[in-house]
2 protein chains.
Amino acid sequence: MLDPGAVDRVFHALADPTRRALVERLGRGPASVKELAAPLPMSLAAVVQHVQVLEQSGVIRTEKIGRVRSCRLDPTGLDVAGRWIAERRALWERRLDRLGDLLAEPDSPCEQRAQPHDPNTTEEQS
Amino acid sequence: MLDPGAVDRVFHALADPTRRALVERLGRGPASVKELAAPLPMSLAAVVQHVQVLEQSGVIRTEKIGRVRSCRLDPTGLDVAGRWIAERRALWERRLDRLGDLLAEPDSPCEQRAQPHDPNTTEEQS
DNA sequence: CAAATACTAAAGTTTTAACTTTACTTTCTG
DNA sequence: CAGAAAGTAAAGTTAAAACTTTAGTATTTG
């Protein structure tokens, strides 16, 4: 259920702004490494390295045809990151639900510090 | 629409495995910095620094009461990352849809090049 | 076939980030 | 009130990443 190594690789891949720019570009369709490098202020070799990181993390897929390596998005990688995030958010919401239950329960068997508490104040956080 | 600075901060924050571990821990409920540090093989000061990165990225919120700083998850940060990912995935799917349309069309005026090689740009020489 | 193209591999440099140590502040607790 | 507890701030150290340069290898193209 979500290989920790895969999670690590994909979040590391997405942490770099250049690599996110590559992903955004590839969202508009496949491109060669040369095309990816064109708008970027760095050497082709640097872009090749970024492409390798993205591929190893499963965020993109590449295929070499002749002397051109064509790159395109692969949803597998983004799914790993998306699922990790969704899981954390789900946990957070479950907790809020349970908290809501406790507050709704007028007579909970919960051994809380029974603070004298103004019944008018609503404790809320946004 | 998704401040690039915010995206950068949150993906940088989530790139570190220790920080993701902190987020996972906080998914099970709030905790002090000391409690967060307990299971980790590093100094308290290091954990404080991680907590600061997480807070500045909007992934967690903290509040200091007396001498203890209490930390809890804040969905705002994860939302930023989640939305960025969802947008890329949406683009990818729209593209597949269009491709499907083209393939379904038996008599399409198929433009060969999906990303037209810009006729204006002269091929670069190095 | 010679030159150009599009990478690729390896090594070195530089920047960034993580982590430590030390010293200090503030807030409890006995 | 003395000392412990829980951070915090700053500086230094170390390790990881990003990027460059150089020197290649296949693969077209004229």
Side-chain angles (χ1 to χ4, degrees), chain A residues 4-5 7-23 25-26 30-57 59-72 77 113 115, chain B residues 4-5 7-23 25-26 30-57 59-72 113 115 117-119 121-126:
Chain A
V7 173
D8 205 37
R9 280 189 297 275
V10 71
F11 274 113
H12 168 246
L14 294 178
D16 185 86
T18 299
R19 283 191 295 262
R20 283 199 309 279
L22 294 180
V23 170
R25 165 62 189 81
L26 290 176
S32 70
V33 177
K34 180 123 218 290
E35 286 166 340
L36 290 175
L40 298 176
M42 66 184 70
S43 70
L44 179 72
V47 176
V48 169
Q49 286 168 17
H50 283 303
V51 164
Q52 284 167 354
V53 170
L54 285 170
E55 182 163 32
Q56 280 159 23
S57 71
V59 173
I60 72 171
R61 187 120 42 103
T62 78
E63 186 188 9
K64 191 156 186 183
I65 299 170
R67 62 187 169 179
V68 172
R69 177 169 298 276
S70 176
C71 313
R72 61 199 166 105
R113 294 168 292 273
Q115 278 276 50
Chain B
V7 173
D8 203 37
R9 279 189 297 277
V10 71
F11 274 113
H12 168 245
L14 294 179
D16 185 85
T18 299
R19 285 194 292 263
R20 283 198 310 277
L22 293 180
V23 170
R25 166 63 188 82
L26 290 175
S32 70
V33 177
K34 182 111 217 290
E35 286 167 339
L36 290 175
L40 299 176
M42 66 183 69
S43 71
L44 180 71
V47 176
V48 169
Q49 287 169 13
H50 283 304
V51 164
Q52 285 167 354
V53 170
L54 285 171
E55 183 164 30
Q56 280 160 22
S57 72
V59 174
I60 72 171
R61 185 118 45 101
T62 79
E63 186 188 8
K64 191 159 185 182
I65 300 171
R67 63 185 166 181
V68 42
R69 176 170 299 275
S70 176
C71 311
R72 61 204 169 103
R113 282 275 159 272
Q115 52 279 132
H117 200 220
D118 192 324
T121 45
T122 49
E123 285 302 318
E124 240 163 70
Q125 77 308 12
S126 56

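We name chains A, B, ... by the order of the sequence lines, and we start the count at 1 in each one. The basis for the numbers below is simple: all heavy atoms, side chains too, and nothing from hydrogens, waters or symmetry mates.
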To the nearest angstrom, how far is Lys34(B) atom NZ from dA6(D) atom P? 5 Å
Between His50(B) and Met42(B), is there a side-chain heavy-atom distance shorter than 4.5 Å? yes
Between CG of Leu40(A) and P of dC7(C) the distance, given in whole Å, is 14 Å
Produce a footprint string for nucleotides 11-22 of chain C: one letter per nucleotide, 5' end first; B if the base is under 4.0 Å from any protein heavy atom, S if only the sugar-phosphate is, - if neither. ------SSBBB-
How long is the line joining CZ of Arg69(B) and C1' of dA5(D), in whole Å? 15 Å
Within the 4.5 Å heavy-atom criterion, are Leu26(B) and Leu54(B) side-chain neighbours or not? no
May I ask you to evaluate whether Lys64(A) reaches the phosphate of dA6(C), defined as a side-chain N or O under 4.0 Å from OP1 or OP2? no
State, with a plain yes or no, whether a side-chain heavy atom of Ile60(A) is found less than 4.5 Å away from one of Leu22(A). no
Using whole Å, report how far CG of Leu14(A) lies from C1' of dA17(D). 16 Å
Test item: side-chain donor near acceptor, Glu63(B) and Ser70(B), under 3.5 Å: no
Any donor-acceptor pair under 3.5 Å joining the side chain of Arg67(A) to the base of dT5(C)? yes
Residues 7-16 of chain A, side-chain donor-acceptor partners within the protein, below 3.5 Å, at least two apart:
residue	atom	partner	partner atom	Å
Asp8(A)	OD1	Arg20(B)	NH2	2.7
Asp16(A)	OD2	Thr18(A)	N	2.9
Asp16(A)	OD2	Arg19(A)	N	3.1

Within this structure, what is the CD1-to-C1' distance between Ile65(B) and dT8(D), rounded to whole angstrom? 18 Å
Does Gln56(B) use its side chain to pair, donor to acceptor, with the backbone of Val53(B) at less than 3.5 Å? no
